[in-house]
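Take a look at the structure set out below.
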Number of protein chains: 2
Amino acid sequence: MKWFYVYNDGTGGSQPPEAAGGRREELMRASEKAYTTLRSDIVDWRLPPGTVLAEVELSARLGVSRTPVREALARLSAEGLAEPQSGRGTVVSGISLDHVDELFELRSALECRAAELAANKRDPEVFLELHRQLGDAGRLITDADPARHDYYRLAGELDTAIDTAAGNHYLAQALKGLRVHLVRVRRLSKDNPARLRDAAREHADIALAIANGNAVVASAATTVHLDNSLRRLLAGRAAP
Amino acid sequence: MKWFYVYNDGTGGSQPPEAAGGRREELMRASEKAYTTLRSDIVDWRLPPGTVLAEVELSARLGVSRTPVREALARLSAEGLAEPQSGRGTVVSGISLDHVDELFELRSALECRAAELAANKRDPEVFLELHRQLGDAGRLITDADPARHDYYRLAGELDTAIDTAAGNHYLAQALKGLRVHLVRVRRLSKDNPARLRDAAREHADIALAIANGNAVVASAATTVHLDNSLRRLLAGRAAP
DNA sequence: ATAAAGGGTTGTGTATACAGAAAGCTTGCC
DNA sequence: GGCAAGCTTTCTGTATACACAACCCTTTAT
């Protein structure tokens, strides 16, 4: 007997699977859809901290039943993007510049170690190429791209390359969980082209140190970059 | 009108709440009960890696319905103690001595940083007391306590004191998530009194460095301790 | 004999019904 | 008028029904 994918008619039944993480919304499981929607809503500040995440309201808004909504809320709570309220309900977790220093302390511990491990791998090709591209990044940061997509994409590629070179599953997992919060924090402050150009130069330094196989310098460059990033962040705090 | 706590009669209804984390099993929510039961079963190796966690079977064994079982499985997956199977189901996640070095690499990054932060707090009282107790720990490690409960309790107190002194919520959270896996790994190998006495001395060194406010030494002592711990672990691998 | 097709069995994904439990509102008493 | 007790509303926690999907076993054709 053959099975056919049918759309949910609202009277029970499920969506086609398409391996967790598929792109098309109609092809995603309902719980996956609820999770990704809520997650991006929180990260992009469409749901600001303190927002009450009521199951019935969400299930109506997202067009799924409460069961997948509950699963999504559980995953968000585990990630730290939401927090179970004392008595009743779940709220979007708070994040403020008052605690960003703690976040950066953890980030520093993880990224410095990752940079050291990557440097010790002695695999310069990827990082030399990234060093070259980051040296040219000043040209990417123009008024034509206000969201700085190109720059952030390049920075993300460096992160990925370091994670891969470090070759540590647990470390990569910890960093992945941390970066969600960092994206969220970034929206708290305004950047400007000059600062991003500085950041690109610091990234280029990190890539070069890793390419040279110098773990001490790679760690130090990461420390310097993160300290500068934190101060840029605090200096550029957006108006409340 | 007054409400009374009633036990579940199996036809719907819920358990009394008693704030997540209550002790008495009958007072726990069903999802909490399923979670804590499964978690300790996995950590204590009663459910070895690869065990299939089937929802229907678990709901029958734990005496709750599938909904709280699903919530428990979601939390376990988020912690890394279980993994969603490709097509269908969830299995207890694998852990082997082949990847313990990666686990210790992450642990080292986090604990070294935590020790540095604690040392910089300059609050010697607690750590001087722990240093004293750890110096006497040799007497705790006797054949009268084969499970070494007293020693592990003391080591746990040092961890807690460092977390508290470091004063970083994100770092403490990351360490908490990591220690679950470390407990699980510990069961993979056999310890012996001489090795534990060495470990106690290393812990005493860490406590002293923190009490002295010397961040460099605190980090170095942590590095040394973790390197020794990893080698003790690999040397004492239990028979398969 | 082997491989493919078909049907059964079992298990997950989702929706929904129902039973507490908490917040808000109303009402009556002082 | 204020406060407390009861009622109402609404929300979460849990159980369960059902649809789809995967595995497995049988059957059949080559």
Note to self: For A:H225, give me all partners under ring-ring contact (aromatic ring centres under 6.0 Å, His included), at least two apart in sequence or on another chain.
What the structure shows: A:H203
Check: Which of residues 71-83 of chain B sit near DNA chain D, with a heavy atom under 4.0 Å from it?
Finding: none
Next item on the list: With a 4.0 Å heavy-atom cut-off, tell me which residues in residues 52-68 of chain A come close to DNA chain D, sorted by residue number.
Entry: A:L53, A:A54, A:E55, A:V56, A:R66
Next item on the list: In plain terms, say whether B:E157 and B:R153 are close enough for a salt bridge, that is, a side-chain N and a carboxylate O under 4.0 Å apart.
Entry: yes
Notebook entry, point to check: Hey, is A:E32 close enough to A:R39 for a salt bridge, meaning N to O under 4.0 Å?
Noted result: no
Check: If we only count heavy atoms from C-beta on, is the B:R113 to A:S108 side-chain gap below 4.5 Å?
Finding: yes
Check: Side chains of A:R232 and A:D191: does their closest heavy-atom pair fall under 4.5 Å?
Finding: no
Between [N] ([atom2]) and [X] ([atom1]): distance, integer Å:
X     : N      : atom1 : atom2 : answer
B:R70 : C:dA15 : CZ    : P     : 11 Å
B:R29 : C:dA21 : CZ    : P     : 12 Å
B:K33 : D:dG13 : NZ    : P     : 17 Å

Just jot down the side chain to side chain contact (heavy atoms under 4.5 Å, CB included) partners of [X], sequence neighbours excluded, or say none.
X      : result
A:T67  : A:S65
B:V126 : B:L130, B:A161
B:A82  : B:L53, B:L76, B:S77, B:T90

